[in-house]
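As structure tokens, the structure follows; a few thoughts come after it.
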Amino acid sequence: MELPVGTECRVLSIQSHVVRGYVGNKAAAFPLQILGLEVDTVNSVQFCNHTGYTHWKGQVLNAEELQELYEGLKLNQVTRYDYVLTGYMRDASFLARVVDIVQELKQQNPKLVYVCDPVLGDKWNGEGSMYVPEELLPVYKNLVVPVADIITPNQFEAELLTGRKIHSQEEAVQVMDILHSYGPHTVVITSSDLPASRGAEYLVTLGSQRRVEEGGQTHTLRISLELPRVDAVFVGTGDLFASMLLAWTHHHPNNFKLACEKTVSAMHHVLQRTIRSARLLAGPGIRPSYAQLELRMVQSKRDIENPELIVTAIVL
């Protein structure tokens with residue numbers, strides 16, 4: 001997707017890096033770039049592969065190393081960004097320093113939009129667990145989310161951030177309202193275990209956006225989307241979702257519903273292509289491995305760039 005000549009939209013993406021596969025910055029940069037945005041990446045961790053594998057090695061960056069990189073950008077006077085995108089992190093001091101940087105960048109460009117994927121954990125077989133150090137939770141809740149404009153938690157992360165469980169659509173709406181009260185104008189619960197109207201074979205995504213009208217009144221648009229489930233555990237889907245939501249809300253700033261429909265539809269196409277390929281590699285009757293389930297990003301370029309809409313959002 002081409003932007004007008006002379007127009008440059010730049011994203012600072014701070015999240016994980018892996019040598020093998022598509023998670024973190026590798027999952028985020030590709031869709032952002034083919035959707036017309038320039039991307040500068042800073043790695044929060046550098047691992048050989050994601051931590052779902054049996055073995056993984058690498059480094060976790062600390063706050064001082066992040067600040068050194070940022071100071072270098074400042075010395076070269078190249079710190080004007082339109083968006084900041086953050087994802088997986090493992091160090092609390094690093095995360096707190098990200099907040100300082102976002103606040104400084106917002107002073108430089110008051111229109112900057114901060115998109116935060118608050119990576120904390122997920123539910124496996126109905127039970128939730130954190131896969132980052134527990135000390136990150138209060139940093140997210142008290143420092144990060146209040147300066148974010150768009151957040152994309154899964155259901156478990158939304159429950160952690162608010163201290164409220166979600167058992168129904170009504171409770172999900174209440175949780176999104178609480179998250180709005182923390183600061184973000186846009187909240188998307190990327191995946192939930194709520195029952196879908198189309199049956200158990202579908203996964204529910206919920207979104208809420210608050211806008212202040214010209215008269216000063218606040219209007220909240222809440223939507224629900226249902227997409228076909230895939231019987232596999234993928235890694236990097238949250239990173240891909242957040243980056244595409246950033247891009248599509250950029251291209252459709254006044255149409256939150258369409259931005260979500262394009263994001264969810266593109267996710268569907270990527271996951272369907274990934275599972276088809278993984279099953280072929282694994283062979284009949286054999287469950288694909290993590291290596292075989294790495295997202296097929298390059299092969300899905302056209303679907304990311306111009307997704308065929310397979311879902312229509314329901315306005316709640």
Side-chain angles (χ1 to χ4, degrees), residues 15-28 30-31 45-58 87-88 90 117 119-132 152-160 166 189-196 198-205 225-244 263-304 307-308 310-311:
Q15 47 190 315
S16 64
H17 169 78
V18 293
V19 177
R20 169 65 185 267
Y22 285 93
V23 302
N25 276 324
K26 285 183 69 177
F30 181 72
V45 304
Q46 181 163 283
F47 293 158
C48 57
N49 43 255
H50 67 70
T51 57
Y53 282 81
T54 305
H55 306 286
W56 52 275
K57 292 182 178 295
Y88 181 87
R90 288 196 65 87
D117 180 10
V119 181
L120 293 164
D122 207 345
K123 291 186 178 181
W124 311 98
N125 298 319
E127 295 296 325
S129 62
M130 294 183 64
Y131 43 61
V132 298
T152 60
N154 58 38
Q155 178 178 332
F156 178 67
E157 291 160 344
E159 292 173 341
L160 283 177
I166 297 173
I189 299 178
T190 58
S191 61
S192 74
D193 54 17
L194 295 177
R198 302 174 69 178
E201 298 303 312
Y202 286 80
L203 181 71
V204 176
T205 294
L225 306 98
E226 299 181 1
L227 70 157
R229 290 181 181 272
V230 180
D231 183 23
V233 176
F234 301 98
V235 178
T237 51
D239 309 318
L240 176 59
F241 189 105
S243 66
M244 289 195 298
T263 299
V264 170
S265 294
M267 289 292 303
H268 169 78
H269 297 309
V270 173
L271 296 185
Q272 288 296 326
R273 179 171 286 103
T274 299
I275 193 61
R276 287 196 301 269
S277 177
R279 285 170 177 165
L280 285 173
L281 290 171
I286 301 176
R287 196 166 185 85
S289 66
Y290 272 122
Q292 293 163 337
L293 285 168
E294 294 287 9
L295 299 178
R296 301 307 192 270
M297 298 284 289
V298 175
Q299 299 88 336
S300 302
K301 176 181 179 293
R302 291 183 180 177
D303 291 317
I304 295 171
E308 176 187 355
I310 57 94
V311 61

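Quick note: numbers below take in every heavy atom, side chains included, and nothing from hydrogens, waters or symmetry partners. FYI, the numbering just counts along the sequence from 1.
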Gln15 backbone acceptor or donor facing Asp117 side chain under 3.5 Å: no

Lys123 side chain vs Ser129 backbone, donor-acceptor pair below 3.5 Å: no

For [X], all residues meeting side-chain contact (heavy atoms from CB on, under 4.5 Å), sequence neighbours excluded:
| X | answer |
| --- | --- |
| Leu225 | Thr205, Ile223, Cys260, Glu261, Val264, Val311, Ala313 |
| Arg273 | Arg276, Arg296, Gln299, Ser300, Asp303 |
| Ile310 | Pro228, Ser265, His268, His269 |
| Val233 | Trp124, Tyr290 |

Listed once per pair and sorted, the salt bridge (Lys or Arg N to Asp or Glu O under 4.0 Å) pairs that draw on residues 225-240, sequence neighbours left out: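 Only Asp231-Arg287 qualify under salt bridge (Lys or Arg N to Asp or Glu O under 4.0 Å).
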
Residues forming a side-chain hydrogen bond (donor to acceptor under 3.5 Å, both in side chains) with [X], sequence neighbours excluded:
| X | answer |
| --- | --- |
| Tyr88 | Arg90 |
| Asn25 | Ser13, Asn43 |
| Gln155 | Glu159, Asp193 |
| Arg279 | none |

Selection residues 48-57 - residue pairs positive for side-chain hydrogen bond (donor to acceptor under 3.5 Å, both in side chains), sequence neighbours left out: Tyr53-Glu294

side-chain contact (heavy atoms from CB on, under 4.5 Å) between Leu120 and Phe156, intermediate numbers included: CA-CA 8 Å; Leu120 293 164; Phe156 178 67; 5.6 Å; no

